[in-house]
There are 2 protein chains.
Amino acid sequence: MTTHAAEGLRDRKKRQTRTALGHAAVRLVAEHGLDHVTVEDISAAADVSPRTFFNYFAGKEDAVLGPDPEAGPRLRARVLAQPADLSTAAAVREALLEEVAAELADDRELWLLRMRVVQQHPVLLAKLFSGGEALERDLVAGIAERVGLPADDTYPLLLGAAAGAAFRVAVTRWSSTAAPLHDLLAEALDLLAAGLAEPPRQS
Amino acid sequence: MTTHAAEGLRDRKKRQTRTALGHAAVRLVAEHGLDHVTVEDISAAADVSPRTFFNYFAGKEDAVLGPDPEAGPRLRARVLAQPADLSTAAAVREALLEEVAAELADDRELWLLRMRVVQQHPVLLAKLFSGGEALERDLVAGIAERVGLPADDTYPLLLGAAAGAAFRVAVTRWSSTAAPLHDLLAEALDLLAAGLAEPPRQS
DNA sequence: GTAAAATCCTGCACTTACTGCAAGTTTGCA
DNA sequence: TGCAAACTTGCAGTAAGTGCAGGATTTTAC
């Protein structure tokens with residue numbers, strides 16, 4: 001996973017309380033349901049004051065689906081690090097697969113819990129998408145940089161949004177089927193690269 | 001637009017208060033900013049009690065980006081109404097373009113206001129996406145029905161999500177460039193159909 | 001190593017969001 | 001006309017979320 005070697009005590013503590021709050025939120029909501037868990041409960045479980053909770057998250061839902069503030073830059077770097085002979089779409093594909101592998105290797109159970117919680121509380125879909133949106137911005141920046149177009153051009157925007165769509169579909173299917181996330185994501189990205197051509201009829 | 005001929009007094013009044021609340025919300029937020037407008041203000045402007053507001057919308061943000069409850073079924077019907085000799089992706093393309101044309105012809109200024117508000121308050125992106133998500137569900141249902149696959153198969157899910165992505169990109173660009181929404185949406189959908197192939201370099 | 005500066009945590013007070021309930025009012029229907 | 005269903009409203013209460021100021025902790029500079 002991500003290493004945080006040379007980092008002050010203060011930053012380390014901040015990271016700790018942030019993940020403590022996030023984990024407590026997911027665990028408590030998975031157990032008791034979204035609206036039977038208060039910010040006070042979460043704060044108590046993480047051993048900080050309720051007021052401090054709001055120094056880290058904008059609300060309960062942000063704590064559950066906390067947008068990892070480092071994921072965006074990391075994804076952008078992965079896109080730029082792909083071999084130059086890959087097409088842009090292929091580079092995005094590889095970057096996404098790498099990120100998923102790294103993230104899952106790290107926190108597998110946490111992600112499964114999160115998906116279970118989202119399934120039980122569709123309200124959270126909003127936060128899930130907007131969190132993905134922040135990620136998407138960094139992804140678009142990386143794509144634009146790699147391809148030499150402005151970040152507000154149609155191509156980077158669309159490739160980023162389509163990759164995000166493929167990701168969401170893969171995660172959705174992952175939570176309802178037993179297939180590995182890697183395979184589902186690869187399948188979706190391939191379908192996208194084929195121009196969403198007619199699928200094989202299976203009748 | 002949509003005609004509501006044979007409809008009781010009661011349903012007509014409900015529609016009226018709903019749109020009154022929605023319009024008031026957009027107008028007030030555009031003028032004073034999102035967090036300088038309370039639910040009480042919106043209710044007063046629409047001439048109903050604050051308590052009634054919550055009978056129509058789950059919150060301030062839902063009122064601004066109110067998901068039109070009829071848009072989903074309408075879009076689904078459009079997909080199914082396309083000529084049978086069109087590919088599925090092409091049918092989705094035509095359905096979306098039709099819907100955009102109809103919607104804009106109806107409420108052009110309202111949509112422009114909405115987009116301005118969203119640009120000024122990125123928090124609303126969450127609701128915008130989740131609203132689009134509800135729409136997407138109906139779209140996916142239509143696609144699945146047309147293509148004869150279950151609605152939780154990868155192909156319908158991905159085509160729906162990708163179409164949603166194209167739509168969001170087109171709307172985003174529409175609010176920052178002066179080009180017609182129809183053209184921007186068509187461009188994005190074409191790019192998608194081409195498998196997101198490398199764009200024309202313009203150096 | 002110590003003092004000053006920066007940053008973080010916390011409690012308090014306050015506004016707003018949101019929900020259940022029960023009563024009153026309006027509409028639909030026979 | 002009169003009954004049933006649906007809509008609106010006020011009230012009361014819980015929880016969310018924010019500004020502020022004081023105290024504690026870490027960092028930086030000397």
Side-chain angles (χ1 to χ4, degrees), chain A residues 4-22 24-26 28-29 31-67 69 117 121-124 126-127 130, chain B residues 4-22 24-26 28-29 31-67 69 117 121-124 126-127 130:
Chain A
H4 305 288
E7 206 180 22
L9 211 192
R10 176 163 277 160
D11 293 300
R12 188 163 54 240
K13 277 197 164 181
K14 281 186 66 176
R15 178 186 316 279
Q16 281 177 355
T17 51
R18 184 184 183 86
T19 65
L21 281 170
V26 174
L28 287 175
V29 170
E31 186 171 358
H32 301 115
L34 184 58
D35 24 63
H36 290 352
V37 172
T38 70
V39 170
E40 195 177 347
D41 297 333
I42 301 173
S43 314
D47 220 53
V48 292
S49 89
R51 187 60 186 86
T52 297
F53 175 92
F54 289 105
N55 290 340
Y56 283 91
F57 296 102
K60 211 191 304 178
E61 304 163 356
D62 278 311
V64 174
L65 298 177
V117 166
H121 302 283
V123 203
L124 291 176
K127 295 288 170 185
S130 71
Chain B
H4 304 289
E7 204 179 25
L9 213 192
R10 177 163 277 161
D11 293 300
R12 191 164 52 240
K13 276 199 165 182
K14 280 186 67 176
R15 179 187 314 280
Q16 281 175 355
T17 50
R18 185 185 181 85
T19 66
L21 282 171
V26 173
L28 288 175
V29 170
E31 187 171 357
H32 300 116
L34 184 59
D35 25 63
H36 291 352
V37 173
T38 70
V39 170
E40 195 177 347
D41 297 333
I42 301 174
S43 313
D47 220 51
V48 292
S49 89
R51 186 62 185 84
T52 298
F53 175 91
F54 289 106
N55 289 341
Y56 284 91
F57 297 101
K60 208 191 310 178
E61 305 163 355
D62 278 311
V64 174
L65 298 177
V117 166
H121 302 283
V123 201
L124 292 176
K127 295 288 170 183
S130 71

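Heavy atoms only: backbone and side chains are in, while hydrogens, waters and symmetry mates are out. Chain letters run A, B, ... following the sequence lines, proteins first, then strands; residues in each count from 1. The structure presented is a predicted model; accordingly, all values stated were derived computationally and were not measured.
The shortest side-chain heavy-atom distance between B/R51 and B/N55 falls under the 4.5 Å cut-off. Side-chain contact check for A/T17 versus A/T52: every heavy-atom pair is 4.5 Å or farther apart.
Between the CG atom of B/L21 and the P atom of C/dA17 there is a distance of 14 Å, given to the nearest Å. Here the P atom of nucleotide C/dT15 and the NE2 atom of B/H36 are 16 Å apart, to the nearest Å. In this structure, A/R12 atom CZ and C/dT7 atom P are separated by 19 Å, rounded to whole Å. Following rounding to the nearest Å, A/F54 (CZ) and D/dG19 (P) show an atom-to-atom distance of 12 Å. Rounded to whole Å, atom P of C/dT10 lies 9 Å from atom CG of A/N55. Atom CD of A/E40 is separated from atom P of D/dG17 by 14 Å (rounded to the nearest Å). Between the P atom of D/dA16 and the NZ atom of A/K127 lies a distance of 14 Å, rounded to the nearest Å. Spacing between atom CD1 of B/I42 and atom C1' of C/dA17 amounts to 12 Å, rounded to whole angstrom units.
Expressed to the nearest 0.5 Å, how far CG of B/L28 lies from CG of B/L34 amounts to 11.5 Å. Going from atom CZ of B/F54 over to atom CG of B/D62 covers 10.5 Å, rounded to the nearest 0.5 Å.
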Next on the checklist: How would you summarise protein contacts on nucleotides 20-30 of chain C per nucleotide, using B for base, S for sugar-phosphate only and - for none, with heavy-atom distances below 4.0 Å?
Outcome noted: BB----BBS--
Next on the checklist: Assess the residue pair A/Y56 and A/K14 against the criterion (side chain to side chain contact (heavy atoms under 4.5 Å, CB included)); give the C-alpha distance rounded to whole Å, side-chain angles, the decisive distance to 0.1 Å, and a yes or no.
Outcome noted: CA-CA 9 Å; A/Y56 283 91; A/K14 281 186 66 176; 3.6 Å; yes
Item to check | Worked verdict on A/R15 versus A/D11 for side chain to side chain contact (heavy atoms under 4.5 Å, CB included) | outcome: CA-CA 6 Å; A/R15 178 186 316 279; A/D11 293 300; 5.8 Å; no
Checklist entry - Can you list the steps and then say if A/V39 with A/F57 is a side chain to side chain contact (heavy atoms under 4.5 Å, CB included)? => result CA-CA 10 Å; A/V39 170; A/F57 296 102; over 6 Å; no
Checklist entry - Would B/D41 and B/H32 satisfy side chain to side chain contact (heavy atoms under 4.5 Å, CB included), going step by step from the backbone distance to the final call? => result CA-CA 11 Å; B/D41 297 333; B/H32 300 116; over 6 Å; no
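Heavy atoms of B/T38 sit under 4.0 angstrom from primed sugar atoms or phosphate atoms, though from no base atom. At a threshold of 4.0 angstrom between heavy atoms, the contacts of B/Y56 are confined to the sugar-phosphate backbone, with no base atom among them. If you check every strand for non-hydrogen atoms under 4.0 Å, B/F53 touches nothing. A/D35 comes within 4.0 angstrom of nothing in the nucleic acid, heavy atoms only.
Remark on the helix from C/dG1-D/dC30 to C/dA30-D/dT1: inter-end axis angle 40°, axes from five-pair C1' superpositions, rounded to 10°.
Counting all heavy atoms, side chain and backbone alike, B/K60 lies closest to B/V37 at NZ-O, 3.1 Å. The two residues A/H121 and A/G33 come nearest to each other via the heavy atoms NE2-CA, 3.8 Å.
Taking 4.0 angstrom as the limit, B/S49 places a side-chain polar atom (N or O) nearer than this to OP1 or OP2 of D/dT9.
Looking at which nucleotide of DNA chain D each of B/K14 and B/P50 is closest to, the 5′-most match is held by B/K14. Toward the 5′ end of DNA chain C lies the nearest nucleotide of A/T52, the other residue of the pair A/T52 and B/E61 mapping further downstream.
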